[in-house]
Amino acid sequence: MRRLLLISAGLALCAAAASAAGITTVAQRGRAFAVAAVQVARGDTVRFVNDDAFVHQVFVQSPGFKYESEEQEPGQALDIRFTSAGTFAVRCHIHPKMVLQVEAR
């Protein structure tokens, strides 16, 4: 009986871990993304935090995934869930030199 309970508890923990999507935080400061690239699992979220004195905007334009945000004021955070696998260039319309590569597996 004890073994059955342990197996059931282990399966429940595995199911909970599988359903919980991860969050990777990327700061925006100095008119740039704080890192050049991140890797996430397909279905995970990248949280963009505007730690800058400037307004930012985030967009992804690729055949497998498209996203475009409103303007993001200083101090605001924005979550983008990468639902497709692939490598995506994330940019800011306001600051065209801002580029982040997101690899979703």
*Least distance between heavy atoms, V99 atom then P96 atom*: CG2-O, 4.3 Å

*Between atom CG of D52 and atom CD of E73, what is the distance when rounded to the nearest 0.5 Å?*
12.0 Å

*Does M98 sit in a hydrophobic cluster with other residues, and if so which ones, taking ILVMFWY side chains as linked at heavy-atom separations under 4.5 Å, directly or through other members?*
V26, F33, V35, V38, V40, V46, F48, V58, V60, F65, Y67, L78, I80, F82, F88, V90, L100, V102

*Locate the shortest heavy-atom distance separating G64 from S84; write the atom from each residue and the value.*
O-OG, 3.1 Å

_Heavy-atom donor-acceptor pair, D51 side chain to Q28 backbone, under 3.5 Å_ = no

*asked:* Testing Q72, E71, H95 one by one against H56 for a side chain to side chain donor-acceptor pair (under 3.5 Å), which residue passes?
replied: H95

*Do the side chain of R91 and the main chain of F59 share a donor and acceptor less than 3.5 angstrom apart?*
no

*Would you call N50 and P74 a side-chain contact if the rule is heavy atoms closer than 4.5 Å?*
yes

*Could you tell me whether K66 and E68 have a side-chain N and a carboxylate O separated by less than 4.0 Å?*
no

*Atom pair CZ (R42) and CD (E103), whose distance is rounded to the nearest 0.5 Å*: 14.0 Å

*asked:* Could you tell me if the side chain of R31 sits less than 4.5 Å from the side chain of K97, heavy atoms only?
replied: no

*Can T24 and D44 be said to form a side chain to side chain contact (heavy atoms under 4.5 Å, CB included), step by step?*
CA-CA 8 Å; T24 300; D44 281 0; 5.5 Å; no

*Do any N or O atoms from the side chain of Q57 and from the backbone of H93 form a donor-acceptor pair under 3.5 angstrom?*
yes

